[in-house]
Amino acid sequence: MHKYGRKRAVAPELMDDFTSGGIELREALRHLRWLNRIFAAAAPTMYGIEKLWIEANKPKHLSIMDIGSGSGDVNRRLLKWIDMNRIDASITLVDKTSEACEEARQFFRNEPRVNVMQCDLYDMSGRSVDIVTGTQFLHHFQEEELPTVILKMLSLSRLGVVINDIHRHWLSWAAVWLTTRILSSNRYIVNDGPLSVAKGFQSEDWELLKESLGEEVGLTYSWRPLFRYAVLIRPARQAKLGKQRL
């Protein structure tokens, strides 16, 4: 059993083993949608997207790319926000696994604004979208990998990057450990749920990442319910302009 600790856990999640998957992984992705609703997973992503949108003077056209999207279910709330603000938007869901892409295509089968792409982050290039998001994506990487991942995501965006990830805390670990065992017997969910919290972040982790990225990148973060962080990452000059507008 992977317990919550003072430092980020380094053990790989079962979902990080791309040699396995199949029906069991697709079931896990469906169960993960239940957990995302219970723990309000979409809210920090929405918080960050809205901030970047306001900083950009509320454009009526917006393109968003969700990296490591899984079945992309957190974007369902994003679509409601898009409709409410009458934005002409497109969302691209990107994941490495065929199982996640198939689940996403099924989940959004009647939504023409959502496109699904099976691809590795490192195989992508160009500032192709306005905002790049990563929900529960960054904790899959080790500390030394984080700057490279962030800079790659930033290179794909015109306005900035929104990271939504887990606050590493004993209370959130216990809540996820219990909830996963109540809701599911799927081995991916039972193992990876608590481990995700143990691989999550605390404020000092974001400060270290901010220092590693250097002065050319602006990183701000805030704690959001339920035990999550919303992290905004922009080129430093754009970050300063955003602060002036707000």
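What you see is a predicted model, and the numbers here were worked out from it, not measured in a lab.
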Atom pair [atom1]/[atom2] of [X] and [Y] - distance to nearest 0.5 Å:
X     : Y      : atom1 : atom2 : value
Leu25 : Arg187 : CG    : CZ    : 9.5 Å
Glu27 : Ile23  : CD    : CD1   : 9.5 Å
Leu29 : Thr97  : CG    : OG1   : 6.5 Å

Between [X] and [Y], does any side-chain N to carboxylate O distance fall below 4.0 Å?
X      : Y      : value
Asp205 : Arg168 : yes
Glu55  : Arg234 : yes
Asp83  : Arg113 : yes
Arg26  : Glu99  : no

I would like to know whether His61 and Asp88 meet side chain to side chain donor-acceptor pair (under 3.5 Å); could you show each step before the answer? CA-CA 5 Å; His61 301 274; Asp88 178 19; 2.9 Å; yes
Row check, Phe201 ring normal vs Arg8 NZ/CZ: under 6.0 Å, within 45°: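 Arg8 over Phe201 ring: yes.
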Less than 6.0 angstrom from the centroid, inside 45 degrees of the normal: does Arg224 satisfy that with respect to the ring of Tyr47?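 Flagged: Arg224 positioned over aromatic ring of Tyr47.
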Does one side chain, of Tyr221 or Glu207, offer a donor that lies under 3.5 Å from an acceptor on the other?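 Note: Tyr221 and Glu207 side chains meet the donor-acceptor criterion.
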Using only heavy-atom distances, determine whether the side chains of Thr19 and Asp17 contain a donor-acceptor pair under 3.5 Å.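 There is such a pair (donor and acceptor under 3.5 Å, judged by atom type) between the side chains of Thr19 and Asp17.
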Tell me, with the steps shown, if Glu13 and Ser196 meet side chain to side chain donor-acceptor pair (under 3.5 Å). CA-CA 8 Å; Glu13 296 179 40; Ser196 292; 3.2 Å; yes
Atom CD of residue position Glu211 - does it have more than 12 heavy atoms of other residues, nucleotides or ligands inside 6.0 Å?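 Counting other residues, nucleotides and ligands, CD of Glu211 stays at 12 neighbours or fewer.
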Looking only at atom types and distance, does a side-chain atom of His169 sit under 3.5 Å from a main-chain N or O of Leu171, one as donor and one as acceptor?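 Yes.
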Starting from the C-alpha separation in whole Å, work towards a yes-or-no answer on side chain to side chain donor-acceptor pair (under 3.5 Å) for Ser63 and Arg158. CA-CA 10 Å; Ser63 56; Arg158 290 184 283 266; 3.3 Å; yes
Aromatic ring proximity, centroids under 6.0 angstrom, Trp206 and Trp223: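 Distance test on ring centres: not under 6.0 Å, no.
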Step by step, would you call Arg30 with Ser71 a side chain to side chain donor-acceptor pair (under 3.5 Å)? CA-CA 8 Å; Arg30 291 192 290 272; Ser71 60; over 6 Å; no
Give me the ring orientation class for Trp173 and Trp177: parallel if the planes are under 30° apart, tilted from 30 to 60°, perpendicular past 60°.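 Taking Trp177 first and then Trp173, their aromatic rings lie parallel (interplane angle under 30°).
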